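Worksheet for the structure shown next.
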2 protein chains.
Amino acid sequence: MQTNLSATDLKILKQLQSDASLTAAELASRVGLSQSPCWRRVNKLLEEGYIQKRVALLNAEKLGMDVVVFCSVNLSAHGRQSLEEFEQAVAQLPEVIECYTMTGTMDYMLKIVTRDIRHYEKFVRTFLAQMPGIQEIHSNIAVTAIKNTTALPLDTQL
Amino acid sequence: MQTNLSATDLKILKQLQSDASLTAAELASRVGLSQSPCWRRVNKLLEEGYIQKRVALLNAEKLGMDVVVFCSVNLSAHGRQSLEEFEQAVAQLPEVIECYTMTGTMDYMLKIVTRDIRHYEKFVRTFLAQMPGIQEIHSNIAVTAIKNTTALPLDTQL
DNA sequence: GCTGAAACCGATAGGAA
DNA sequence: TTCCTATCGGTTTCAGC
């Protein structure tokens with residue numbers, strides 16, 4: 001880690017990435033600080049960009065959005081143009097929650113969320129398969145979420 | 001969608017899943033409501049579990065945690081016991097951000113975040129490969145994040 | 001149901017140790 | 001640095017529409 005964060009800062013980040021609705025007082029007591037210095041540190045972490053934003057995590061199941069698909073994509077023409085077009089187009093699609101370029105045999109890995117499998121099918125046909133330069137699409141459909149967090153492993157021991 | 005959410009509720013959810021640090025007044029004005037009813041709706045959405053929690057999203061890169069790996073796993077013994085052991089063990093590992101059971105040829109898909117590829121290698125050897133009943137591990141390493149959001153596609157048109 | 005206002009409580013900043 | 005305190009603003013409630 002090329003970062004210069006104190007142990008206290010790390011504690012604060014750990015708390016906030018598991019619950020950002022804590023009051024300053026509660027957070028302070030959990031990290032063993034009093035309010036003011038704690039609040040100051042939080043602000044610094046915000047300013048310096050360690051904390052990107054605070055969001056609400058919704059219950060996908062209750063909202064009827066519980067189909068998760070990991071979708072690997074290969075493009076046919078590997079020219080620059082084609083890649084950027086694809087990336088821009090994909091970033092616009094709300095169903096695409098995540099998209100990464102990959103090493104190995106696949107060009108992109110997409111995590112897609114839709115209402116049900118029919119919708120996924122329709123989504124692929126209507127949007128994904130229409131995109132510029134697509135050669136192969138491979139869909140891996142998730143059944144049950146065993147774990148699903150947004151918290152980074154700050155307490156890793158490796 | 002088997003849910004009975006009004007258009008206003010959906011607007012509220014959309015706002016909060018992109019920014020949960022909005023004040024009640026600001027949120028109210030964005031969804032075209034005044035504070036009180038807006039606040040009431042937010043509370044109801046919390047109580048009913050549509051909003052699960054509010055978290056801080058951290059800057060993985062600044063924290064030196066920018067290796068993302070999608071890892072598919074197959075277990076050897078497909079008895080109940082083996083599955084639950086694996087799931088419980090995996091849920092404990094902070095490096096495992098997400099874990100899903102899958103249809104198709106792989107048993108599990110894991111999304112893993114570590115500091116660098118060396119750490120990933122070490123993580124796989126130390127923890128993953130030691131787990132009960134593992135047969136195959138296939139690691140797909142992400143290079144660049146094109147898109148990475150936690151927002152569900154509430155405005156999907158399909 | 002929504003609006004507006006009032007009361008309360010927590011967040012913020014400044015000053016003292 | 002941290003702690004303490006005062007002020008300010010947001011949240012929450014309640015009465016009226």
Side-chain angles (χ1 to χ4, degrees), chain A residues 1-60 62-65 149-152 154-155, chain B residues 1-60 62-64 149-152 154-156:
Chain A
M1 161 148 57
Q2 72 282 37
T3 66
N4 285 329
L5 291 177
S6 66
T8 308
D9 286 329
L10 280 175
K11 277 193 207 167
I12 291 175
L13 291 178
K14 267 195 252 177
Q15 288 293 331
L16 289 182
Q17 75 173 343
S18 86
D19 186 2
S21 65
L22 289 174
T23 65
E26 178 62 22
L27 176 61
S29 89
R30 291 200 193 177
V31 302
L33 231 59
S34 66
Q35 294 190 28
S36 307
C38 180
W39 171 83
R40 211 176 312 226
R41 278 167 191 266
V42 171
N43 262 37
K44 203 164 152 252
L45 291 168
L46 275 166
E47 271 170 30
E48 290 173 350
Y50 289 101
I51 299 172
Q52 283 188 315
K53 56 176 180 172
R54 310 198 318 171
V55 300
L57 299 183
L58 307 184
N59 187 328
K62 285 208 71 157
L63 290 162
M65 309 266 1
T149 181
T150 56
L152 299 176
L154 300 179
D155 46 1
Chain B
M1 166 146 58
Q2 73 281 36
T3 65
N4 284 329
L5 290 177
S6 67
T8 308
D9 286 329
L10 280 175
K11 277 192 205 168
I12 291 173
L13 291 178
K14 268 195 253 179
Q15 288 293 330
L16 289 182
Q17 76 173 343
S18 85
D19 185 0
S21 65
L22 290 174
T23 65
E26 177 62 21
L27 176 62
S29 89
R30 289 201 193 177
V31 302
L33 229 59
S34 65
Q35 293 190 28
S36 308
C38 181
W39 172 82
R40 209 178 317 220
R41 280 166 190 267
V42 171
N43 260 36
K44 203 165 151 249
L45 291 168
L46 276 164
E47 271 170 31
E48 290 173 350
Y50 289 101
I51 299 171
Q52 283 187 316
K53 58 176 178 172
R54 309 197 321 170
V55 300
L57 300 182
L58 307 184
N59 188 329
K62 284 209 72 155
L63 291 162
T149 182
T150 55
L152 299 176
L154 300 179
D155 46 2
T156 181

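These numbers come from a predicted model, not from an experiment. Here is the naming used below: chain letters follow the sequence lines, and residue numbers restart at 1 for every chain.
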Discussion item. Under 4.0 Å, heavy atom to any atom of DNA chain C: which of residues 31-48 of chain A qualify?
Written reply: A:Q35, A:S36, A:W39
Worksheet entry | Atom pair CG (A:L33) and CD1 (A:I12), whose distance is rounded to the nearest 0.5 Å | 6.5 Å
Practice prompt. Mind checking the CD-CG spacing from B:Q52 to A:L58? Nearest 0.5 Å is all I need.
Written response: 8.0 Å
Worksheet item: Rounded to the nearest 0.5 Å, how far does CZ of A:R54 lie from CG of A:L16?
Response: 7.5 Å
Fill in: Considering all heavy atoms, the nearest A:D19-A:S21 contact
OD1-OG, 2.6 Å
Worksheet entry | Qualifying residues under side-chain contact (heavy atoms from CB on, under 4.5 Å), relative to B:R30, sequence neighbours excluded | B:Q15, B:L22, B:E26
Item to complete: Quick one: list whatever passes side-chain contact (heavy atoms from CB on, under 4.5 Å) with A:S18, sequence neighbours left out.
Response: none
Worksheet item: Between which nucleotides of DNA chain D, read 5' to 3', does contact with chain A run, using atoms under 4.0 Å from its heavy atoms?
Response: D:dT2 to D:dC4
Worksheet item: NZ/A:K62 to CD1/B:I51 distance, rounded to the nearest 0.5 angstrom?
Response: 11.5 Å
Which pairs of donor and acceptor atoms, one on a side chain in residues 34-44 of chain A, lie under 3.5 Å apart (sequence neighbours left out)?
residue	atom	partner	partner atom	Å
A:R41	NH1	A:S6	OG	3.1
A:R41	NH1	A:D9	OD1	3.3

Item to complete: Find the distance between CD (A:Q17) and CG (A:L154) and round it off to the nearest 0.5 Å.
Response: 4.5 Å
Discussion item. Which residues in residues 14-24 of chain B have a heavy atom closer than 4.0 Å to any atom of DNA chain D?
Written reply: B:T23, B:A24
Worksheet entry | Approximate separation, where rounding is to 0.5 Å, of A:L63 CG and B:L5 CG | 6.5 Å
